[in-house]
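Hydrogens, waters and symmetry mates are skipped; everything else that's a heavy atom, side chains included, is used.
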Amino acid sequence: MELDREAVRLRRRAIERTAELAREQGLVREADQRVSSFAQQVKVLRVKLDTRQVELKSAEGAIARYEQQLLQLRSVEDLARMQTQIDGKKTELGLAEDRILESMEVMEKADAGLKELRSVAADRLQRLALRNETAAKETGEDNARLAQVALDWDAAAAAVGAELLASYSTRRDSAGDYGAAAVDGSGFCAACGTRLTPQLETASRSGKLPDCPTCQRLLLPAADSEWA
C-alpha cells in the first residue's frame, strides 16, 4: 500500500505542478494585458499633448500675424479691434500653455507607470521561465520514481498471494488510490475516518482484513508495516 500511496502522491504533485504553472502563465498574461492597456492610454495622452502643442503654435502664429497687422492700422477703431483680437489670442495662448503643462505632468506619471508595469511583466515572465525549468526537472524525477514504484510494486505483488492481491487491487481500483487502510489507535479507519465497530477492529488485528463499511478498503492492523 505504501507504494500506491507514493504513486498517488507523485501524481498529485504533477497535477499541482500543472495548476501552478497555469497560474503563473495566467499572471504573465494578466501583466501583458495591463501593459498593453496602459500603453494604449499613454498613446492617447501623447496624442492629446501633441494636439495641445499644435494649438499653442497656432495661437502664437495668430498673435504674430495680428501684431504685424497692428503696425499697418491707422484708425483708432481698427487699432482697438485688432488689440482685442490679440488679447483674445493671448488668453488662448495662456490656456494652451497651462493645458500643455498639465498634459506633460500626466505624461510623466503615465510613462513612469508604464515602465513599472513593464518591469512587473518582465519579472513575471522570468519567474515563469524559471518555474518551467524547475517543473521540467521535477517532472523527470517524479516520472523516474513512478517507474521505479511500478517495478517495486510488481516485485511486492509476486510475494503476495493471488487471492489477497486480487482483493486489494479491486478495492484500489474502486477507491482510486490505494486499496487498504490501517485501523488507527482509536478505532477509526485511517483512510476515511469512519468509526469502526469492535468486531471490525478485532477482525483486523487477527489478520482477516475486513472491509471498511464506508470506503470499502481492506482494514489492516496499524502495526502491519508491510501494508500500512
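- Residue Gln69 qualifies as enclosed at atom CD: its count of foreign heavy atoms under 6.0 Å is above 12.
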For this session: Take Gln83 and Leu79 through the test side chain to side chain contact (heavy atoms under 4.5 Å, CB included) and record every step on the way to the result.
Result: CA-CA 6 Å; Gln83 188 60 53; Leu79 288 170; over 6 Å; no
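- For Arg195 and Phe188, the positive end sits near the middle of the six-membered ring, less than 6.0 Å away and at most 45° from its axis.
- Atom CZ of Arg172 has more than 12 heavy atoms from other residues, nucleotides or ligands within 6.0 Å.
- In this structure, the side chains of Lys89 and Glu92 come closer than 4.5 Å at one or more pairs of heavy atoms.
- Of all non-hydrogen atoms in Gly113 and Phe38, the two that sit nearest each other are C-CE2, 4.0 Å.
- A continuous path of Ile, Leu, Val, Met, Phe, Trp and Tyr side chains, each step under 4.5 Å between heavy atoms, connects Leu73 with Tyr66, placing both in one hydrophobic cluster.
- Under the 3.5 Å distance criterion, the side-chain polar atoms of Thr202 are matched with a main-chain donor or acceptor of Pro198.
- Heavy-atom minimum distance, Val183 versus Gly187: CG1-CA, 4.0 Å.
- Salt-bridge formation is not detected for the pair Glu20/Arg23: no Lys NZ or Arg NE/NH1/NH2 atom is positioned less than 4.0 Å from an Asp or Glu carboxylate oxygen.
- To the nearest 0.5 Å, the span separating CG on Leu125 from CD on Gln25 amounts to 11.0 Å.
- Considering every non-hydrogen atom in both Gln216 and Pro213, the closest pair reads NE2-O, 3.1 Å.
- With rounding to the nearest 0.5 Å, the separation of CG in Asp4 from CG in Asp177 is 8.0 Å.
- Contact of the Ile100 side chain with the Glu97 side chain is not registered, since no non-hydrogen atoms from C-beta on lie closer than 4.5 Å.
- In this structure a side-chain-to-backbone donor-acceptor pair under 3.5 Å is missing from Ser37 to Gln33.
- The side-chain heavy atoms of Ser204 and Leu218, taken from C-beta on, include no pair separated by under 4.5 Å.
- Here the NZ-CG distance, from Lys43 to Leu45, works out to 12.5 Å after rounding to the nearest 0.5 Å.
- Aromatic rings from Tyr168 and Trp153 are positioned such that their centres are separated by under 6.0 Å.
- No side-chain heavy atom of Glu55 sits less than 4.5 Å from a side-chain heavy atom of Ser58.
- Connection of Leu95 to Val106 is not established within any shared hydrophobic cluster, with ILVMFWY side chains joined at heavy-atom distances below 4.5 Å, either directly or through further cluster members.
- Criterion: ILVMFWY side-chain heavy atoms under 4.5 Å apart, direct or through other members. Under it, Leu27 and Leu117 are not part of a common hydrophobic cluster.
- The pair Glu30-Arg124 fails the salt-bridge criterion, with no side-chain N (NZ, NE, NH1 or NH2) lying under 4.0 Å from an Asp/Glu carboxylate O.
- Interatomic distance, Arg52 CZ to Leu101 CG, rounded to the nearest 0.5 Å: 10.5 Å.
- Val35 and Val28 sit in two unconnected hydrophobic clusters of ILVMFWY residues. Membership requires side-chain heavy atoms under 4.5 Å apart, directly or through other members.
- Put simply, the side chain of Glu141 does not reach to within 4.5 Å of the side chain of Arg145, judged on heavy atoms.
- Between the CD atom in Glu108 and the OG atom in Ser103 there is a gap of 13.0 Å [rounded to 0.5 Å].
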For this session: Under the salt bridge (charged side-chain N to carboxylate O under 4.0 Å, His left out) rule, what do Arg81 and Asp78 come out as? Steps first, then yes or no, please.
Result: CA-CA 5 Å; Arg81 187 166 50 253; Asp78 290 341; 2.2 Å; yes
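- A donor atom on one side chain and an acceptor atom on the other are found under 3.5 Å apart for Ser167 and Arg171.
- A 4.5 Å side-chain heavy-atom check between Cys189 and Leu219 finds at least one atom pair inside the cut-off.
- Leu10 and Leu21 are not part of a single hydrophobic cluster, where members link through side-chain heavy atoms under 4.5 Å apart.
- Side-chain atoms of Ser174 do not come within 3.5 Å of backbone N or O of Thr170 as any donor-acceptor pair.
- Residue-environment remark: CD (Glu116) stays at or below the threshold of 12 foreign heavy atoms within 6.0 Å.
- Ion pair Arg131/Glu138 flagged as a salt bridge, since at least one NZ, NE, NH1 or NH2 atom sits closer than 4.0 Å to an Asp/Glu carboxylate oxygen.
- Note that CD of Glu6 is 9.0 Å distant from CG of Asp142, once rounded to the nearest 0.5 Å.
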